[in-house]
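What follows is one structure encoded as structure tokens, with my remarks underneath.
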Amino acid sequence: MEYQFRAIEQKWQAIWKERKSYKVSNESTKPKYYVLDMFPYPSGTGLHVGHPLGYIASDIYSRYKRLKGFNVLHPMGYDAFGLPAEQFAIEHGVHPAKCTNDNIQNFRNQLDNIGFCYDWDREVRTCDASYYKWTQWIFLQLFNSYFDRTSKKAVDIKHLVTVFEKEGNIQHACPGDNKLQFTAADWMGYSEKDQQAILMHYRLAFCGFGEVNWCEALGTVLANDEVINGFSERGGHPVEKKKLRQWYLRITEYADRLLSGLETIEFSDAMKEMQSNWIGKSYGAEIDFEVSDYPASLRVYTTRPDTVFGVDFMVVAPEHALIEQITPDTHKEAVAQYITYVKSRSERERIAEKKITGCFTGAYVINPFNKKLVPIWISEYVLAGYGTGAIMAVPCGDDRDFKFAQHFNIPITNIIGEAFNGVDANPTKEAKLTNSDFLNGIVQKDAIGIVNDKLVAMGIGQAKVNYRMRDAAFSRQRYWGEPFPIKWINEIAYPLKESELPLLLPTVENYGPGPDGEGPLANIASWKLENYETNTMPGFAGSSWYFIRYMDPQNEVEFCSKKASDYWGQVDLYIGGTEHAVGHLLYSRMWTKVLYDLGHISFDEPFKKLLNQGMIQGSSRFVYRKRGTQTFISAGLVGEQEVDQLHVDVNMVDGVELDTAAFKKWKPDYANANFELEDGKYICGVEVEKMSKSKFNTVNPDDLVNKYGADTFRMYEMFLGPVEQSKPWDTKGIEGVHRFLKKCWRLCFDELKGKVWVDEAPTNEELKVLHKAIKKIEEDTERHSFNTAVSAFMICVNELYDLGCHKKSVLSQVLVLLAPYAPHFAEELWQVLENEGLIVDAAYPVFEAKYVLETAKEYPVSINGKVRTNISIALDASEDAVKAIVLGNALVQKWIEDKPIKKLIFVKGKMINIVI
RNA sequence: GCCCUGGUGGUGGAACUGGUAGACACGCAGGACUUAAAAUCCUGUGGGCCGCAACGCCCGUGCGGGUUCGAUUCCCGCCUGGGGCACCA
């Protein structure tokens, strides 16, 4: 009986489906475990071999946990709203729902092929009304709450209204407008419109008028993390700053909790680093400098208050409000010219050419510490949106300030003596201060606190924390997304009632943009008539909470029952790529914290542990066409000839050897190709690149599953290397894994003799092999070292093979170990060996140390650190006995000659080293 | 520029807390079975040296130092691949 993987896999997939083997209940006496994959965006191109890597890892871990006696939640769904489906709709006139559905069907078929243990009854699709109803509901939670800075949590906005009625906003500084101050009497006197405008400045989801990343080609706004170097992440179109009315999430209020929360979760250092960089917390001080000859002061933000005696000039952002007031007539024209110039420059130009530009305003401030007059400059290198939009420049301690001073010939004050060489700024905090009055002789980092205290005493400033992170743009001028549950009446945003949800996405005639930068929904008369918001939510809305919906996916009265979310709690293991480091992972952490603050769930971090799978790169193959001919030259013969390097489909290449017949058939152009061969073969060029259709280096998992079976495919993906590491795909080694499974099969069946397995008692040697494998594979699986676990299986099977072990009791245990990795294979042999029930419900073997105990050890004996021989010594031998045996050994004596022994190191169970 | 990662045979990788570097697999070479092929099995396989062979010796984890009886592992300095951030004061 042969290993017929195709029949076996189909058979068991049908049985598992029929018996609902992967159905998970929220009621269980077993401990819970939640394993989550980042759900995919169902793109039109389907899966390539890189996508399932993480899914296979999570599937193995889920199955492993299940065998270990856990109630495992392992769901899957689709992040189905988004731009590509809509672009496709614009180009082909197909409704996004239709092509999304088709793509999902295709994904599902591909996923099913690989034999995952998802509970499909819990599938979610973010574009289903039954799902986005609750996305809208959570939006209303955000809209109806504000961040209370005292308790540092989200609170119902109604509470804020009662506070305003009693005391105004005296104790609740306005996050959206820090100058806003009003009393209770003021509040009571405001119109509804004014009151609502003020509340909007507090809401966690708010509508504002601000500079956004506008992408003309996509006709929409993008979030900061969707823009890369001035171009859109999707499509690579130019992005400009534009002032528009937009919805935002006030994520900045959560900056500190998002940062400190990182300490409570297991993310890789790289991932935590990326998030904390994005949040960008910096400690510094705000200092007020009085403007000379004008009744105002300029507030700056600096991280280096210790350098305040080294201030040679001030720089304000071109947008700074004070400029107009303080610029004397003599300088008005120059300033106006400079500001016009800055406005003419696009974001991309600024990033591309980092020129030093600036303009003196003609105004001065007075340094409060030494009463010196300090000139105020304007320059685009100071950003309006960060800190106070103004800085104090200290050229001897800051690189940009130094270059600016040099460029404009501003004299430089040295406050750090020899630590400043006059050629480069010295930004360290280690130098002793000079020229600094009461700070002289103090090391800079120690002076920071002293100055901060002084600022407070003088009433001109204080220590201040700043964040680089901005509020997240939360609206898109697109069709294929969640409608906002908001009506605009008289410029006031009214939320829909919960009972009015979901606000269904209407059908439109065309997907083109609406008037005045509005989305396609603005083209619908009935929609406008109802005064509904015409923007839709961005892609990250639905993905910010899907992991909660899986816990209670069919609930029609709540987004998730408290009982269900209390039972499942945090995601124990989340597996996905690093590309979501600052987008999805940050937003979903924020939403979780809000839902926690409002009492809807009982955990405030969604993901306990994150495992990042590496990216599988493509290994591209090239042919070399002699320029202007149909002659293709083998890689080794190209030399100096003029050739065009062309991608060729990797699936037509065996290693590096091109299948020339297949190549000729590939494209009509190549039908008449000639080849210049080396050793009778056409050898292709090789390069590692991103896997993509356009590079013809994608490999479809379906093809491999058809050729080798899902179990081989699963194990090979794991065998490739550590999951977290990026590596190029190479199909070559898959044979080795396939051979392993066939060899394992032959422990039960022989091609000629048929059944060879027997129901006999195992020997000690066989039990030793088994228990070594249990220990190794359990430990490796536990620490997600799936590649070494696969090799442990190979070692185990090789050893059983050498021992001629065909015993049911041993093999059955091995099959349970193997079940997470090769589920169909294990299930089939489990049945063949006449075991009870399904292997998916079996119990994981328990390691027993007594089977692997050794009595002796082959000790490596080194002399001066170099291994010279091995001596077998009983493990329970005393150190003296070991010494005697070792020194009595002829080879050891030969090496020692007659030199005295300085030291003998004996590490029990490890090694022996003699120092002479 | 700053931060995070990695660098080990022809290839993918192993060595988990400092203790026999190269597990396991691919590839390659040789052999067995076969009319042949596929499949399967066996042997060898880091580089070099002495030698008929055996025993054996030297070198070797990006480079250069250091700590240690002992370093792929720890420390310092550099080279280099990948990723992130980038006028953030």
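In what follows, every chain begins at residue 1, and chains take the letters A, B, ... in the order their sequences are listed. No experiment lies behind these values; they were computed from the predicted model shown.
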query = Under 4.0 Å between a side-chain N/O of A:Ser379 and OP1 or OP2 of B:rC87, yes or no?
reply = no
key: Distance test, side-chain N/O of A:Arg868 to OP1/OP2 of B:rG56, below 4.0 Å   = no
query = Which residues satisfy the side-chain contact (heavy atoms from CB on, under 4.5 Å) test with A:Ser692, sequence neighbours excluded?
reply = A:Ser694, A:Lys695
key: Non-neighbouring partners of A:Tyr283 that pass side-chain contact (heavy atoms from CB on, under 4.5 Å), sequence neighbours left out   =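 Applying side-chain contact (heavy atoms from CB on, under 4.5 Å) to A:Tyr283 gives A:Lys281, A:Val465.
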task = Identify, with sequence neighbours excluded, every residue that meets side-chain hydrogen bond (donor to acceptor under 3.5 Å, both in side chains) alongside A:Asn864.
result =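 Once residues adjacent in sequence are excluded, A:Asn864 has no partner under the side-chain hydrogen bond (donor to acceptor under 3.5 Å, both in side chains) criterion.
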task = Quick one: label A:Arg470 by what it contacts on the DNA or RNA (base, sugar-phosphate, nothing), any heavy atom closer than 4.0 Å.
result = base
task = Using a heavy-atom cut-off of under 4.0 Å over every strand shown, decide if A:Ser268 touches base, sugar-phosphate, or nothing.
result =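 Nothing, no nucleic acid heavy atom in range.
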remark   = The complete set of salt bridge (charged side-chain N to carboxylate O under 4.0 Å, His left out) pairs with one or both residues in residues 302-314 of chain A, sequence neighbours excluded, reads A:Arg304-A:Asp306
message = Using the ring pair (Phe, Tyr, Trp, His ring centres under 6.0 Å) criterion, which residues pair with A:Phe289? Sequence neighbours excluded.
response = none
Ring pair (Phe, Tyr, Trp, His ring centres under 6.0 Å) partners of A:Phe5, counting only residues at least two apart =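 Residues passing ring pair (Phe, Tyr, Trp, His ring centres under 6.0 Å) with A:Phe5: A:Tyr3, A:His738.
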inquiry  = So if I define the base as every atom that isn't primed, P, OP1 or OP2, how would nucleotides 73-83 of chain B read as a B/S/- string at a heavy-atom cutoff under 4.0 Å?
reply    = -----------
task = Go along nucleotides 19-24 of chain B 5' to 3' and tag each nucleotide: B for a protein heavy atom under 4.0 Å from its base, S when only backbone or sugar atoms are that close, - otherwise.
result = BB--BB
Kindly give the atom pairs (protein nitrogen or oxygen, nucleotide nitrogen or oxygen) under 3.5 Å for nucleotides 41-47 of chain B.
from, atom 1, to, atom 2, distance (Å)
B:rC41, OP1, A:Arg746, NH2, 2.8

Only pairs under 3.5 Å count here: list side-chain donor-acceptor contacts from residues 741-749 of chain A, not counting sequence neighbours, and write none if there are none.
from, atom 1, to, atom 2, distance (Å)
A:Lys743, NZ, A:Asn798, OD1, 2.9
A:Trp745, NE1, A:Met1, O, 3.1

note = Applying the Watson-Crick and G-U criteria (both distances under 3.5 angstrom) with [ ] for crossing and | for other-strand pairs, one obtains for RNA chain B (((((((..(((......[....)))((((((.......))))))((((......))))..(((((..]....))))))))))))....
key: Pairs satisfying side-chain hydrogen bond (donor to acceptor under 3.5 Å, both in side chains), at least one member in residues 720-730 of chain A, at least two apart   =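 Every pair satisfying side-chain hydrogen bond (donor to acceptor under 3.5 Å, both in side chains) with a residue in residues 720-730 of chain A: A:Trp729-A:Thr731.
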